[in-house]
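Notes for the one structure printed next.
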Amino acid sequence: EDELFESNNCNADDESHGSLLFQYNPVGKGVVHYVTDEAGREMEMVTLAMDPPIFEILNFLTDEECDHVVDLALQNGLEPSGVVMELLPSLSSGNEDEIQEIFSQLDVDEDTFLNPTECADGLMDIAEDIPFLTVDIDTVDLLIWTADMEKSVNEWVKKKIASNDTSFQFSNTRVSDQAWLDQTWEEDEILQRLHERVIKLTQLPRDIVISSESLQVVRYKPGGHYHAHFDSCELDDTLVCSHSQAISLEDDDVADENDEEEENEEEEEEEDDDEMEENVSDFDSRTSRLCRYATVLFYLSDVEDGGETAFPVADNGSFSYEGLEEMPYDVYDLSNHCYDGNLVVKPKKGKAIFWYNHMVNETTGWMGDVHDASLHGGCDVRKGEKWIANNWINIDDSLKKQVKYQEHFKRELEIGKEEEAKRRLADTQEEDNEDEHSQLESKFPETGESQEAEEGEEAEEGTKDEL
Ligand SMILES: O=C(O)CCC(=O)C(=O)O
Ligand SMILES: [Fe+2]
């Protein structure tokens with residue numbers, strides 16, 4: 001940090017004192033901070049907004065790095081992003097009776113399964129009550145959100161989009177495809193290098209950055225967009241952070257075990273194990289929330305026309321989430337109001353923008369409330385393709401849990417590395433043996449590679465479950 005402030009045109013008072021969590025304190029729009037990257041090169045970080053602090057770094061990535069990340073995403077395969085569902089209060093309450101009632105209303109033919117028509121009709125009914133309605137496959141938000149329903153809605157959404165139905169305004173909050181790239185397990189020099197660069201940029205502890213969720217690569221085609229949203233969730237004691245969920249469950253486990261009568265111990269332990277597995281692998285918005293302190297967004301391509309990132313209420317001092325209704329227009333709707341907001345960032349290959357979704361709590365010096373003005377999204381791509389990557393930085397607002405999670409992550413990493421090393425050794429020995437005993441030399445490297453790819457995928461899935 002000292003080094004950082006020595007070489008820039010801001011003074012060291014920028015930084016909040018007594019804070020355990022670094023956050024740049026911007027001094028003015030257009031003000032430049034100079035930050036050195038992992039190779040000691042100087043990067044120019046321009047302040048785009050004060051509230052929340054938003055910064056832009058041109059040439060954060062080289063063209064080769066951008067292309068490489070896109071290639072990796074294509075190799076891994078992209079999937080429809082799905083969309084974020086703004087819930088009816090009754091659904092988010094998790095009240096089983098109310099949810100059951102809504103489900104029964106939707107399930108017109110009473111076969112306990114929602115077909116596309118039932119979904120469509122049902123969603124349209126619900127949509128009348130809320131400004132936008134969509135569903136995020138990654139952060140599944142509905143209790144009644146079964147795999148069947150998810151599939152039905154996605155088919156329905158796709159059809160609607162394909163038919164250019166203008167009455168269709170609700171379920172297209174997010175229209176894009178995405179892939180997750182694990183920067184920790186993936187033996188990829190460029191991904192690792194980008195991680196190091198993000199550490200230098202954000203000045204956040206290495207352990208926090210590396211134990212955050214995987215890099216999310218997103219592709220938008222013409223018409224693709226992501227209406228305004230928040231990347232993180234409000235602090236809430238009753239919901240655990242999804243990234244550090246494994247630790248919270250471990251905690252519960254320990255507490256439960258201590259409470260148990262000795263005679264029941266074995267039985268109960270078994271139950272706890274089942275419960276834990278179930279919870280860790282299924283992100284459940286009734287019990288967990290996203291805790292994303294900061295977002296570093298990479299633009300991996302130029303866009304011929306459109307595709308800006310909009311922050312409709314950045315630096316709007318008077319904006320508060322509660323006052324949303326009073327806004328003169330629908331700030332969420334970036335298809336129609338991309339340019340009506342306060343900050344619009346044009347995509348440019350290699351550029352990165354970086355902002356804080358949370359403030360630092362002045363008393364604790366740790367993660368504080370969500371910046372209401374961090375509302376943002378991606379405007380319609382009009383021509384060409386838009387590629388971005390989200391490098392989210394996850395922090396638990398309980399410092400204790402975050403520290404515990406990082407320890408857990410490191411242990412897992414060590415185990416993973418050990419297993420990887422063992423497997424590699426075994427592979428090499430196997431290859432050596434084969435080479436000695438076979439004439440078909442050219443075949444074996446191929447076999448080795450495809451095996452590795454498969455196992456890599458498994459490992460990645462395992463990690464994602466935990467996150
Ligand atoms: O596409 C953009 O410019 C913004 C994307 C975004 O906000 C997100 O993926 O969370
Ligand atoms: Fe976002």
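The chain is numbered in sequence order, starting from 1. Whatever order the structure lists ligands and atoms in, that order sets their numbers, starting from 1.
Taking all atoms of both residues into account, the shortest heavy-atom contact from M367 to I395 is CE-O, 3.0 Å. Scanning all heavy atoms of the two residues, the minimum distance from S232 to N357 falls at CB-CB, 4.0 Å.
For atom 9 (O) of ligand 1, the nearest non-hydrogen atom of the protein is N390 ND2, 2.8 Å. Nearest protein heavy-atom neighbour of atom 5 (C) of ligand 1: Y220 OH, 3.4 Å. Protein heavy atom closest to atom 2 (C) of ligand 1, with residue, atom name and distance, is K386 NZ, 3.2 Å.
Checked against the 2.5 Å cut-off, the SG-SG distance between C379 and C338 falls under it.
Listed for the Y356 side chain is a donor-acceptor partner under 3.5 Å among the backbone atoms of Y24. One N or O on the side chain of R289 and one on the backbone of L239 form a donor-acceptor pair closer than 3.5 Å.
If you run side chain to side chain donor-acceptor pair (under 3.5 Å) between R292 and each of H358, H243, E213, only E213 comes through.
Below the 2.8 Å limit, the Fe ion (ligand 2) has as protein N, O or S neighbours H229 NE2, D231 OD1, H376 NE2.
Between Y226 and ligand 1, no pair of N/O atoms sits closer than 3.5 Å. At a 3.5 angstrom cut-off on N or O pairs, H229 counts as close to ligand 1.
For the residue pair Q192 / E196, no side-chain donor-acceptor distance below 3.5 Å is found, with atom types taken as modelled. Side-chain polar atoms of Y299 and T309 form a donor-acceptor pair below 3.5 angstrom. No donor-acceptor contact under 3.5 angstrom links the side chains of D182 and W180, judged on distance only.
Of all atoms in ligand 1, listed by their number and element, those nearer than 4.0 Å to a heavy atom of L297 are 4 (C). The distance from ligand 1 to the heavy atoms of W392 drops below 4.0 Å at these ligand atoms: 10 (O).
With a 4.0 Å heavy-atom cut-off, ligand 1 is reached by the side chain of D231 but not by its N, CA, C or O.
A distance below 6.0 Å separates the ring centres of H225 and H227.
Between atom 3 (O) of ligand 1 and the options V381, V303, T309, the minimum heavy-atom separation is to T309.
Within the 4.0 Å heavy-atom cutoff, V218 does not count among the residues contacting ligand 1.
Taking a 6.0 Å sphere around CG of D237, one finds it holds 12 or fewer heavy atoms contributed by other residues, nucleotides or ligands.
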